Amino acid sequence: MDAKQNIQWFPGHMTKTRRQIQASLKLIDVVVEIIDARIPVSSSNPDLNELIQSKPKLVLLNKCDKADQKVTKLWVEYYAKNGVTALPVDCKSGRGLNRFVPAVRSLLTSKFDAQRAKGIKNPILRLMIVGIPNVGKSSFINRISKQTRAKVEDRPGVTRGNQWYTISKDLEMLDTPGVLWPKFDDQKVGENLAFTGAIKDNILDIELLAVNFLDLMKNHPTEEFKARFKLNDSDLSDNDSYELLKLIGKKRGMLISGGEINTERAANLIFDEYRDGKFGNITLEYPEEL
Ligand code: G4P
């Protein structure tokens, strides 16, 4: 098996997207980047900080219901150390979103103060959601607008062509999120996005993908994963990841004629079960690896 496989990204719209985001940036006071709590590095955009310059940024660690809670906490601390507020949220259930408006307000305190100093009695500040595909942007917008009973409003004159959700008396959100691109030239990033199902895995060598996934699982095995395939500690330590894939296939009776193990079926099974949450809550990237 080839040790590396190329994931093809088609960044044709990158320049256009960049321009659109730059145009929207002129209208807003804070950028909210949504990332996947299971893969905070791979699901973030490598060029965002340069793109937004000095604009304040809030990070939402979404899908925290699927991530390892302890590691999510480490990520929150990591971001805090780097001067960035990061909130763990679950936009499917809405968990954690009650902290969103207060967090934005506290990020924008000096901006509110400056507006008031200029004589604006009830300043309104605006935000925009950005994130790579599938990270949960629409889910967030749906949730926050239900939770705050936000209304979409047209503001001709001020922001021609844009619609805004009023999410509180002092905050408005641009209704169209900015779709960012991931770091598509990085092999590991592509693989992590494939593991979590953010990109389709049918263009990839599924067995090699499973072997690389099992490398991660060998390092941080969950009890659920071990129980699911009746694996003991020596099964994990004594087998390399390809042997482990074969062992999993064998344990599930995935044989082809001649007694060989159908590793392709085993690989597909692993991803179906992982994405279905059967291996428990797993984070695939750790701040200490940075
Ligand atoms: P996008 O706009 O950024 O492209 O993402 P979108 O909101 O469409 O979400 C992509 C998928 O991720 C959806 O699943 C959505 O339900 C799921 N999702 C979003 N936020 C969360 C979260 O916090 N936790 C979990 N567990 N899932 C989340 P889907 O499979 O496309 O649809 P469905 O399964 O909801 O029907």
Side-chain angles (χ1 to χ4, degrees), residues 9-11 13-14 16-18 20-21 24 31-48 51-52 57-73 75-76 79 85-101 103 127-148 150 152 162-163 165 167 173-184 189-190 192-202 222 224 268 271-285:
W9 288 97
F10 300 100
H13 295 306
M14 234 169 86
K16 198 175 153 212
T17 308
R18 185 183 272 273
Q20 277 167 351
I21 292 178
S24 302
V31 173
V32 177
E33 186 186 21
I34 306 190
I35 60 177
D36 186 324
R38 297 168 296 175
I39 45 168
V41 179
S42 295
S43 62
S44 68
N45 176 275
D47 306 320
L48 185 64
L51 197 63
I52 67 176
K57 180 177 84 169
L58 181 80
V59 167
L60 296 181
L61 289 158
N62 192 34
K63 308 198 186 186
C64 70
D65 55 308
K66 290 183 154 189
D68 183 333
Q69 219 178 330
K70 291 192 299 292
V71 189
T72 301
K73 244 179 114 190
W75 278 111
V76 170
Y79 279 104
T85 305
L87 297 180
V89 293
D90 164 2
C91 289
K92 209 156 181 173
S93 74
R95 200 158 54 96
L97 286 180
N98 55 337
R99 293 175 58 203
F100 176 71
V101 171
L127 59 96
M128 158 185 206
I129 305 299
V130 298
I132 65 165
N134 275 317
V135 79
K137 297 178 295 301
S138 334
S139 306
F140 172 81
I141 292 175
N142 286 340
R143 269 276 154 200
I144 202 80
S145 46
K146 265 191 213 127
Q147 215 149 318
T148 58
V152 181
N162 288 294
Q163 290 203 312
Y165 283 106
I167 54 176
M173 171 175 66
L174 193 59
D175 78 328
T176 326
V179 182
L180 300 171
W181 53 94
K183 196 172 178 207
F184 47 78
V189 168
N192 282 333
L193 293 171
F195 296 156
T196 56
I199 59 166
K200 295 225 179 321
D201 57 25
N202 55 10
T222 56
E224 291 93 330
N268 278 304
F271 287 120
D272 286 347
E273 299 209 345
Y274 163 65
R275 289 175 194 147
D276 212 21
K278 299 274 177 20
F279 303 162
N281 290 351
I282 298 172
T283 299
L284 299 172
E285 289 176 327

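Positions are given from 1, in the same order as the sequence printed here. Remember, it's 1-based here, ligands and their atoms both numbered in the order they're listed. This one's a predicted model, so the numbers in the text were calculated from it and none came from an experiment.
- Heavy-atom contacts of Cys91 reach the following atoms of ligand 1: 20 (N), 22 (C), 23 (O) (cutoff under 4.0 Å).
- Protein heavy atom nearest atom 1 (P) of ligand 1, with residue, atom name and distance: Lys137 N, 3.5 Å.
- Screening Leu60, Asn45, Ile129 against Glu33 for a side-chain contact (heavy atoms from CB on, under 4.5 Å) leaves a single residue, Asn45.
- Within the 4.0 angstrom cut-off, atom 18 (N) of ligand 1 has one or more protein heavy-atom neighbours.
- By the 3.5 Å distance cut-off applied to N or O atoms, Val135 is counted among the residues near ligand 1.
- For atom 4 (O) of ligand 1, the closest non-hydrogen atom on the protein side is Asn134 N, 2.8 Å.
- For Ser42 and Asn192, the side-chain atoms include at least one donor-acceptor pair closer than 3.5 Å.
- For atom 13 (C) of ligand 1, the closest non-hydrogen atom of the protein is Ser139 OG, 4.7 Å.
- Taking a 6.0 Å sphere around CD of Gln69, one finds it holds 12 or fewer heavy atoms contributed by other residues, nucleotides or ligands.
- Between Gly136 and ligand 1, at least one N/O pair is under 3.5 Å apart.
- For atom 8 (O) of ligand 1, the closest heavy atom belonging to the protein is Ser138 OG, 3.8 Å.
- By the 4.5 Å heavy-atom criterion applied to side chains, Asp47 and Arg18 are counted as neighbours.
- Within a 4.0 Å radius of atom 27 (N) of ligand 1, the protein has at least one heavy atom.
- Annotation: side chain of Thr17 is not in contact with side chain of Leu180 (no heavy-atom distance under 4.5 Å).
- Side-chain atoms of Lys63 and Asp65, non-hydrogen and from C-beta on, do get closer than 4.5 Å to each other.
- You'll find the side chain of Ile34 stays beyond 4.5 Å of the side chain of Val130, heavy atoms only.
- In terms of protein heavy-atom proximity, atom 12 (O) of ligand 1 is nearest to Lys63 NZ, 3.0 Å.
- Of the protein's non-hydrogen atoms, the one nearest atom 34 (O) of ligand 1 is Lys92 NZ, 3.5 Å.
- At a 3.5 angstrom cut-off on N or O pairs, Val89 does not count as close to ligand 1.
- What sits closest to atom 24 (N) of ligand 1 on the protein, heavy atoms only, is Asp65 OD1, 2.8 Å.
- Close approach of ligand 1 to Lys66 is summarised as follows: ligand atoms under 4.0 Å from at least one heavy atom of the residue are 26 (N).
- Heavy-atom minimum distance, Tyr274 versus Leu284: OH-CD1, 3.5 Å.
- By the 4.5 Å heavy-atom criterion applied to side chains, Lys66 and Thr196 are not counted as neighbours.
- For atom 20 (N) of ligand 1, the closest non-hydrogen atom of the protein is Asn62 ND2, 3.0 Å.
- For atom 30 (O) of ligand 1, no protein non-hydrogen atom is found at a distance below 4.0 Å.
- Pairing each heavy atom of Leu61 with each of Ala86, the nearest pair is CD1-CB, 4.1 Å.
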